[in-house]
Amino acid sequence: MPDDPLTLAALKPGDAVEGVFACTRKDRRVSRTGTPYLALELRDRTAALPARAFRGADVLAGRFDRGDLVRVRGTAERFRDELQVDVEAIRRAEGEGADPAAFLPVAYRDLDELDGFLEALAGEVHDPPLAAVLHRMLTDAELRAAWRRAPCTRNGHHSYLGGLLEHTVAVAQLSLELAPLHPRLDPDLLLAAAIVHDIGKTREFTYGAEIAHSEEGRLVGHLALGAEILGRYTGGLPEPRRLALVHCLLAHHGPDGLPNRRFGSLEALALARANALDAAVKGAVQFGLG
């Protein structure tokens, strides 16, 4: 493999292609002459390109699946005014240290900066038991790494690695600014809930050629997962406070999933509105107002 392989966006006709890419499409087709071939799409962080495998298509097809990271050798060629890759060899890339972050979209904002904002916002929670819960969560290295890596959605707002951290900081900042405007709100509860509200998303997704739902994400969902994760860190939290925090988490998409279909606190309602506001604005930024 070349020391400095070309990215897909930099390829020109005639360039050798050798490296690991995401396979985001795989179709078996038959040419006009009756010969089977594979129609593929390869992607790295810079671009996505169509690819074709004509030689030994059926043998090659058994070596990988759509959604895999694949090691490819071939040549860039122009076909009908479109650049594509003529694939000579392709197989699943296993045990080669391929990092999905090299193939998936990532946050535009600096993640170290967002981490710092998250810690600063947690420092604004002054209620000792709630502050202790946040401290335990933020000092759990495994949870913190997953928090930093996860997206918010697969195809919607913040649908990229680091999106969860970006959204969490935004919702927490909105909650911090909202509390002084409405003195009846409990600022510590609202801010703590904003920080933990989407923590279930740390287990909702898997990362490969694409962002996909994990099995527990598909079957259980991030609300239930979030309540389960939160429960690991709430030891010592008074029961009324624990229930109030969990209620905010479970209600942050609205009250329809709650037993009585009503918000049980002003903080739960405020969090749901702050969450929806950031999601809607970010969605418009990403995909437009239409």
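All heavy atoms count here, side chains included; hydrogens, waters and symmetry mates do not.
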With a 4.0 Å cut-off on N to O distance, would you call [X] and [Y] a salt bridge?
{"X": "Arg25", "Y": "Asp27", "value": "yes"}
{"X": "Asp58", "Y": "Arg28", "value": "yes"}
{"X": "Glu77", "Y": "Arg52", "value": "no"}
{"X": "Asp256", "Y": "Arg262", "value": "no"}
{"X": "Arg92", "Y": "Asp65", "value": "yes"}

Under the side chain to side chain contact (heavy atoms under 4.5 Å, CB included) rule, what do Leu49 and Glu82 come out as? Steps first, then yes or no, please.
CA-CA 9 Å; Leu49 284 183; Glu82 181 180 46; over 6 Å; no
Steps toward salt bridge (charged side-chain N to carboxylate O under 4.0 Å, His left out) verdict (Asp112, Arg148)
CA-CA 9 Å; Asp112 290 334; Arg148 178 184 173 109; 2.8 Å; yes
Do His197 and His222 have their ring centres less than 6.0 Å from each other?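 No, they do not, as the ring centres are separated by 6.0 Å or more.
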Note to self: Is it the case that the side chains of Asp198 and His252 hold a donor-acceptor pair, with the cut-off being a distance below 3.5 Å and no angle test?
What the structure shows: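 A donor-acceptor contact under 3.5 Å links the two side chains.
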- prompt: Do Tyr160 and Glu166 have a side chain donor and acceptor closer than 3.5 Å?
  reply: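 Yes - a donor-acceptor pair under 3.5 Å links their side chains.
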Answer yes or no: is there a donor N or O on one side and an acceptor on the other, between the side chain of [X] and the main chain of [Y], under 3.5 Å?
{"X": "Asp278", "Y": "Asn275", "result": "no"}
{"X": "Glu267", "Y": "Asp186", "result": "yes"}
{"X": "Asp115", "Y": "Leu118", "result": "no"}

* Asked: Looking at CZ of Arg232 and CZ of Arg136, how far apart are the two atoms once the value is rounded to the nearest 0.5 Å?
  ->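 Taking CZ in Arg232 and CZ in Arg136, the distance rounds to 13.5 Å.
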Just do the side chain to side chain contact (heavy atoms under 4.5 Å, CB included) check on Phe205 and Ser214 with the steps written out, would you? CA-CA 5 Å; Phe205 304 103; Ser214 65; over 6 Å; no
Residue that, paired with Thr24, satisfies side-chain hydrogen bond (donor to acceptor under 3.5 Å, both in side chains) out of Arg43, Glu41, Arg66:
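Single side-chain hydrogen bond (donor to acceptor under 3.5 Å, both in side chains) partner of Thr24 among Arg43, Glu41, Arg66: Glu41.
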